[in-house]
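Convention: sequence-line order gives letters A, B, ...; per-chain numbering from 1.
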There are 2 protein chains.
Amino acid sequence: MPEKISRRMTLQRKTILNILRQTNSHPSADEIYESVRKQLPRISLGTVYRNLEVLANMGIIQKLELGGTIKRFDWNPNKHYHIRCLCCGKVDNAPIAPLNKLEDELYGATVFSIIGHRLEFEGFCPDCTKREAQKT
Amino acid sequence: MPEKISRRMTLQRKTILNILRQTNSHPSADEIYESVRKQLPRISLGTVYRNLEVLANMGIIQKLELGGTIKRFDWNPNKHYHIRCLCCGKVDNAPIAPLNKLEDELYGATVFSIIGHRLEFEGFCPDCTKREAQKT
DNA sequence: TTGATAATAGGAATGATTATTATTAGTATT
DNA sequence: AATACTAATAATAATCATTCCTATTATCAA
């Protein structure tokens with residue numbers, strides 16, 4: 001399928017992009033929807049999903065498929081890794097350079113043709129670490 | 001919460017475990033359900049989910065949270081990586097040793113307390129590679 | 001202005017998973 | 001063996017994120 005991608009920047013698209021760029025919290029579609037609604041009260045959740053998809057396909061933003069069930073979005077389209085809080089789901093950037101040589105180790109060792117990899121760190125954010133410590 | 005884990009091996013549990021151990025295909029809960037049904041026609045999908053969870057908590061099997069929406073299960077509870085086909089979702093083991101030093105690079109560089117990481121390779125399985133090649 | 005195309009809002013539908021509940025099976029104690 | 005107790009089950013309902021559908025509206029080109 002040739003998958004024609006539209007590149008028109010509608011008001012909805014611009015608004016979503018602006019809101020995403022104002023945050024470092026890697027929000028979910030639903031969180032973005034709640035924010036956008038303050039500026040465009042009539043926007044629909046479906047529009048948010050579709051436009052996040054479009055913006056990701058345009059390479060302007062990045063769709064994150066991390067552990068857990070929900071997808072998150074990152075204003076930074078460049079490849080980088082993330083840390084996810086196992087307690088509250090919060091996501092932060094992982095300050096580590098991309099491992100570009102990883103795929104090489106697999107050449108010849110697998111029948112799959114390898115495109116890339118996804119790496120994600122798991123841990124606890126400061127808030128949840130503190131909360132756990134208080135319990136004891 | 002202390003979360004008491006039962007360790008009783010019921011017939012359903014044994015059957016699920018056996019079926020999982022007979023395959024290397026990292027099946028989803030639904031696929032396991034379909035297989036188990038041939039031996040225990042009256043088993044319910046909920047039982048399959050619950051027992052897969054129990055077996056994973058017992059450390060006997062491993063629950064995989066890979067990219068995409070569905071969870072898959074692995075009879076091998078030891079830490080190892082996987083390759084996922086971007087086309088059909090098939091999952092295979094990745095013949096590469098665990099990267100135990102990865103977390104070290106983040107110490108002091110993040111406010112999160114790090115527990116571990118998840119690494120997953122993406123690519124195309126032989127079947128899907130072939131199919132794609134034929135299209136052109 | 002008119003048609004063609006793309007984007008939208010709103011809501012319905014889907015799909016995987018989890019929760020609920022009444023019932024049954026298993027175990028230990030007398 | 002009868003009892004009481006707990007855990008596990010089947011069946012189904014509920015949930016939650018996401019995708020799909022449809023009628024309407026906006027945008028652009030001729």
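- Per the geometry, CG belonging to B:Leu45 stands 9 Å off P belonging to C:dT17, to the nearest Å.
- The separation between A:Tyr33 atom OH and D:dC16 atom C1' is 15 Å, rounded to whole Å.
- The residue A:Ile43 sits close only to the backbone: its heavy atoms come under 4.0 Å of sugar-phosphate atoms, none of a base.
- Distance, A:Leu64 CG to D:dT18 P: 12 Å, rounded to whole Å.
- For the pair A:Arg72 and A:His82, the minimum side-chain heavy-atom distance is 4.5 Å or more.
- Proximity of B:Thr10 to the phosphate of D:dT9: a side-chain N or O atom is located under 4.0 Å from OP1 or OP2.
- For the pair B:Arg8 CZ and D:dT9 P, the computed distance is 8 Å after rounding to whole Å.
- Using a 4.0 Å cut-off, some side-chain N or O of B:Arg13 falls inside it from OP1 or OP2 of D:dT9.
- The separation between B:Leu52 atom CG and D:dA8 atom P is 15 Å, rounded to whole Å.
- Here the side chain of B:Asn51 is nearest to one of D:dT19, D:dA10, D:dT9, namely D:dT9.
- Note on ring orientation: taking the six-membered ring where Trp is involved, the planes of B:Tyr81 and B:Phe121 are perpendicular (angle over 60°, cut-offs 30° and 60°).
- In the displayed structure, A:Lys14 atom NZ is contacted under 6.0 Å by at most 12 heavy atoms of other residues, nucleotides or ligands.
- Tracing side-chain contacts under 4.5 Å through hydrophobic residues (I, L, V, M, F, W, Y), one never reaches B:Leu106 starting from A:Val91; they form parts of separate clusters.
- Here the side chains of B:His117 and A:Glu122 are not in contact, with every heavy-atom distance at 4.5 Å or above.
- Each of B:Thr69 and A:Pro41 lies near DNA chain C, and the nucleotide nearest A:Pro41 is the one positioned closer to the 5' end.
- Residues B:Lys71 and A:Leu40 each lie close to DNA chain C; by heavy-atom proximity, the contact nearer the 5' end of the strand is made by A:Leu40.
- As a whole-Å value, the separation of A:Met9 CE from D:dC28 P is 14 Å.
- Atom P of nucleotide C:dT18 and atom CG of B:Asn57 are separated by 11 Å, given to the nearest angstrom.
- Between A:Arg50 and A:Asp30, the residue anchored nearer the 5' end of DNA chain D, judged by the nucleotide with its closest heavy atom, is A:Asp30.
- At C:dT18, none of the side-chain N or O atoms of B:Tyr49 fall inside 4.0 Å of OP1 or OP2 (strictly under the cut-off).
- Rounded to whole Å, the distance from CD1 on A:Ile16 to P on C:dA7 is 13 Å.
- Dashed line: the shortest gap from a side-chain N or O of A:Thr47 to OP1 or OP2 of C:dA9 is under 4.0 Å.
- Within the 4.0 Å cut-off from OP1 or OP2 of C:dA25, not a single side-chain nitrogen or oxygen of B:Gln12 is found.
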